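One structure below.
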Amino acid sequence: MSFAGDHPPLARAELPDDTVGLARYLIGKLVVRALPEGTVGGRIVETEAYVAGDAAGHGYRGMTPRNRSLFLERGHAYVYLAYGVSFMLNVSSEAPGIGTGVLIRALEPLHGIAIMRLNRGVERLRDLARGPGRLAAALRIDRSLDGTDLCREGPLWLASDGHDPGAIGLSTRIGISKDAERPLRFYVRENPFVSGPAALNR
DNA sequence: AGTGCGATTGACT
DNA sequence: GTCAATCGCACTA
């Protein structure tokens, strides 16, 4: 069997319907990306929750052309360009009309590593998808994937291989100024593929 | 219509 | 450690 065939999409019904629960749940799960040259994928080792009433969340001020995918039923991709430089992959959460989501911040590369190296232009395994912008580049994710249903086999989806991610840590989120003190970041402890300062990764 | 500013990264001192 | 790149968007007027 193929990597894609071995890892069918998660059922939407199994996704927690609260944002923090989803952020925690996605640790250890897989992101699968179908590219013309082959399938690439990796294990989620770091997420952040952007919850209702969260001043740092893009849904905070209501729906706009950019963030409309954030308001889709849970399990859809919200992709946006940060700093005019890096794309960010989020998973919409909660019910339709609620602008909340989970940012996928880092992957442990598992499959299609040669393709990821080409996409990124770097060799070092640890640097392929450590950080949300690098992750999107490794998986060649851009705005064309905004709104993708991640619970269906297609260009991009979420899956599981039953792996136990081990000890999970909780910390403040990275790179934000509003609501910065809230502990809404989940990560696999002591994992080399997690981004952020070491002090936040213990 | 103009402006300020990021859920980042990579290069450089 | 510091800092510029780069651009779409939300906000002000």
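Throughout, a chain's letter reflects where its sequence line sits, starting with A, and its residues are numbered from 1. Keep in mind that what you see is a predicted model, and the values were worked out from it rather than measured.
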Open item on the list: Cation-pi check for A/Y80 against A/R66: NZ or CZ below 6.0 Å from the six-membered ring centre and within 45 degrees of the axis, yes or no?
Closed with: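 Geometry flag: set, cation within 6.0 Å and 45°.
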Is any side-chain heavy atom of [X] less than 4.5 Å from a side-chain heavy atom of [Y]?
X: A/P96; Y: A/F71; value: no
X: A/V194; Y: A/R185; value: yes
X: A/L35; Y: A/R140; value: yes

Please state how far atom [atom1] in [X] lies from atom [atom2] in [N], giving the value in whole angstrom units.
X: A/L70; N: B/dA7; atom1: CG; atom2: C1'; result: 11 Å
X: A/M88; N: B/dT9; atom1: CE; atom2: C1'; result: 9 Å
X: A/L128; N: B/dT8; atom1: CG; atom2: C1'; result: 17 Å
X: A/Y83; N: C/dC9; atom1: OH; atom2: P; result: 17 Å
X: A/R130; N: B/dT9; atom1: CZ; atom2: P; result: 9 Å
X: A/R173; N: B/dG6; atom1: CZ; atom2: P; result: 14 Å
X: A/I104; N: B/dT8; atom1: CD1; atom2: P; result: 14 Å
X: A/L89; N: B/dA7; atom1: CG; atom2: C1'; result: 12 Å

TODO: State whether A/R173 and A/D54 are salt-bridged, where the test is any N-O pair (Lys NZ or Arg NE/NH1/NH2 against Asp/Glu carboxylate O) under 4.0 Å.
DONE: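 Yes, A/R173 and A/D54 are salt-bridged.
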TODO: Using the aromatic ring of A/Y80 (for Trp, its six-membered ring), decide whether it stacks on the base of C/dG8 within the limits of 5.5 Å and 30°.
DONE: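 Stacking is absent between C/dG8 and A/Y80, given that the ring centres and planes do not meet under 5.5 Å and under 30°.
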Between [X] and [N], is there a side-chain N or O to OP1/OP2 distance below 4.0 Å?
X: A/T64; N: C/dA10; result: yes
X: A/R61; N: C/dC11; result: yes
X: A/R68; N: C/dC9; result: no
X: A/R143; N: C/dG8; result: no

Task: Assigned partner base of B/dC12, Watson-Crick or wobble definition, under 3.5 Å - done: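 Result: C/dG1.
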Open item on the list: Pairing check on C/dT6: which nucleotide meets the Watson-Crick or G-U wobble criteria with it, both distances under 3.5 Å?
Closed with: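 Across all strands, not a single nucleotide pairs with C/dT6.
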Open item on the list: Tell me whether A/R134 contacts the main-chain N or O of A/R130 through its side chain, where contact means a donor paired with an acceptor under 3.5 Å.
Closed with: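 Side chain of A/R134 to backbone of A/R130, a donor-acceptor pair under 3.5 Å: yes, one is there.
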Of the nucleotides [options], which one has an atom closest to the side chain of [X]?
X: A/P65; options: B/dT8, C/dG8, C/dA10; value: C/dA10
X: A/S86; options: B/dA7, B/dT9, C/dC7; value: B/dT9
X: A/R120; options: B/dA7, B/dG10, B/dT8; value: B/dG10

Task: Of A/G131 and A/S177, the one whose closest DNA chain B nucleotide lies more 5' - done: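 Result: A/S177.
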TODO: Name the residue closer to the 5' end of DNA chain B, choosing between A/R66 and A/R134 according to the nucleotide with the nearest heavy atom.
DONE: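 That would be A/R66.
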TODO: Quick one: label A/R185 by what it contacts on the DNA or RNA (base, sugar-phosphate, nothing), any heavy atom closer than 4.0 Å.
DONE: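 Contact class for A/R185: none.
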